[in-house]
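Have a look at the structure below before the remarks.
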Amino acid sequence: MAKVKSTFFCQHCGAQHAKWMGQCSTCNEWNTIAEEVVSKESVRDWKQSNRIKSISKPLKIKEIQLNAEERIPTKNKELDAVLGGGLVKGSVTLLGGEPGIGKSTLLLQVALAITHKVLYVSGEESQSQIKMRAERIQSQQSSCLILTETNTQQIFKNIEQLSPEVLVIDSIQTLHTNSIEASSGSISQIRETTAELIAFAKETETPVVLIGHINKEGQIAGPKILEHMVDVVLQFEGDRNHTYRILRSQKNRFGSTAELGIYEMLSTGLREVSNPSEILISKKDTDLSGTAIASTLEGFRPLMIEIQALVSTAVYATPQRTTTGYSLKRLHMVLAVLEKRAGFKLATKDVFLNITGGISIDDPAIDLAVVASILSSNQDLAISPSVCFAAEIGLAGEIRPVSKIDQRILEAKKLGYKTFVTSKYNKITFEEKGIKLIRVGKVEEVFATLFA
Ligand code: TYD
Ligand code: MG
């Protein structure tokens with residue numbers, strides 16, 4: 001039995017300290033240091049018999065053999081796009097997200113769809129619970145194996161017998177290894193079990209997908225170093241009360257992080273959404289004031305979203321400003337610009353702003369649609385549903401250009417929009433027939449253009 005030793009870990013940044021402190025000297029967070037028992041001689045080895053396969057030696061760049069990354073397609077178009085074409089052999093992917101967002105559902109769906117032999121290890125649900133879930137998503141004829149286990153040594157024992165081609169772990173926080181005595185979910189356990197799984201992935205060229213929980217600050221629970229250790233970090237997000245889910249990549253050693261995947265949670269599992277604009281815009285018969293359509297880009301994909309604003313006389317002395325899906329600071333900025341540059345008296349009004357579908361957008365190009373929806377609600381004049389907007393608002397009230405305007409216009413045209421309002425400073429390289437371009441330079445002009 002190894003000598004029992006304990007050290008102090010910061011639960012926020014993962015730094016190791018010799019003694020307890022109130023404030024972590026590495027990340028300056030308070031009350032984050034906790035004692036964890038570790039045994040000194042931890043053998044970081046996924047197999048008991050350690051074999052060093054090849055001795056590495058330095059090479060010149062031109063001498064390095066390039067073997068194309070072998071990828072295993074996941075049979076899930078959205079996930080493949082986010083990964084850059086499938087799971088790279090020997091890679092470790094971390095999928096983070098809030099509880100109940102659908103991480104287990106997504107990975108089970110993928111595990112059941114893949115033609116390769118998958119071992120799905122769950123430390124959270126029993127085999128029958130997983131069976132019930134698999135029945136819901138109606139895909140049963142698969143060679144995927146389900147194991148409920150939390151001890152990594154036991155998992156590796158199973159792996160040696162089964163030699164799966166893909167390993168899924170649900171979730172890294174439930175795993176524990178014998179080489180360390182700390183409890184599951186603690187910093188040192190997460191670090192050690194991840195290191196074992198990485199060693200396994202690299203040595204056997206098996207792709208490993210880990211599910212990671214998110215803490216209340218929205219970071220993957222466990223030390224930040226976990227994100228440094230793995231090859232790909234994916235984030236599954238969305239509003240639990242809405243059905244849409246967005247899969248983003250935060251880090252990808254084998255592809256771009258700009259791609260994103262959109263899913264809809266149905267009673268039969270997650271459905272891939274290939275034309276998201278249609279579902280994000282509510283179809284209504286009558287023209288209502290306070291809504292405007294924005295053309296945004298999420299990654300490389302143009303996306304039409306609907307912005308709703310409600311401007312009403314303030315009930316309290318301090319007017320309320322509430323947003324969903326849009327930055328509150330930015331709303332304050334936009335309101336100040338409207339007040340100062342365009343003379344709208346909004347200081348005594350409550351302003352509520354909502355992006356439909358429960359998704360949140362940080363593309364500054366939606367500013368113009370935000371302004372349009374606020375003006376529309378304030379004047380109680382509806383904007384024609386065939387108009388869409390894309391431009392950023394500057395502090396001086398100028399309408400600023402946005403990136404990839406051609407792509408946005410093409411998408412708007414494809415979806416049947418008749419008018420596209422953008423900045424006059426945007427260089428548009430092509431003349432598009434079938435969609436009218438309105439180009440504005442100052443925020444004052446927007447109102448005149450819209451309701452003239
Ligand atoms: P789950 O994958 O368990 O989330 P996570 O692993 O991220 O915690 O998903 C849980 C939610 O998904 C649950 O609230 C129910 C819902 N759900 C559906 O709506 N349809 C389905 O087919 C499935 C399997 C789950
Ligand atoms: Mg789960």
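Remember, it's 1-based here, ligands and their atoms both numbered in the order they're listed. Values in this document were obtained by computation on a predicted structure and should not be read as measured data.
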message = Assess, by modelled atom type and distance only, whether the side chains of Gln308 and Thr356 contain a donor and an acceptor separated by less than 3.5 Å.
response = no

query = Are Glu264 and Arg271 close enough for a salt bridge, meaning some N to O gap below 4.0 Å?
reply = yes

remark   = So CD1 of Ile307 and CG of Asp367: to nearest 0.5 Å the spacing works out to 8.5 Å

Nearest-0.5 Å distance that lies between atom OG1 in Thr148 and atom CD in Glu125 = 10.5 Å

query = Near the Mg ion (ligand 2), which protein N/O/S atoms fall under 2.8 Å?
reply = Ser104 OG

ask   = Under the criterion side chain to side chain donor-acceptor pair (under 3.5 Å), which of Thr324, Thr291, Thr323, Thr322 is the partner of Asn354?
value = Thr324

request  = Measure the spacing between CD1 of Ile355 and CD1 of Ile359 and express it to the nearest 0.5 Å.
outcome  = 6.5 Å

query = Which protein residues have a heavy atom under 4.0 Å from ligand 1?
reply = Glu98, Pro99, Gly100, Ile101, Gly102, Lys103, Ser104, Thr105, Arg133, Arg136, Met265, Leu266, Ser267, Thr268, Gly269

request  = Would you give the length of the straight line joining atom CD of Glu149 to atom NZ of Lys157, rounded to the nearest 0.5 angstrom?
outcome  = 9.5 Å

key: Any donor-acceptor pair under 3.5 Å from Ser126 side chain to Gln129 backbone   = yes

ask   = Looking just at side-chain N and O atoms, do Thr174 and Glu124 make a donor-acceptor pair shorter than 3.5 Å?
value = no

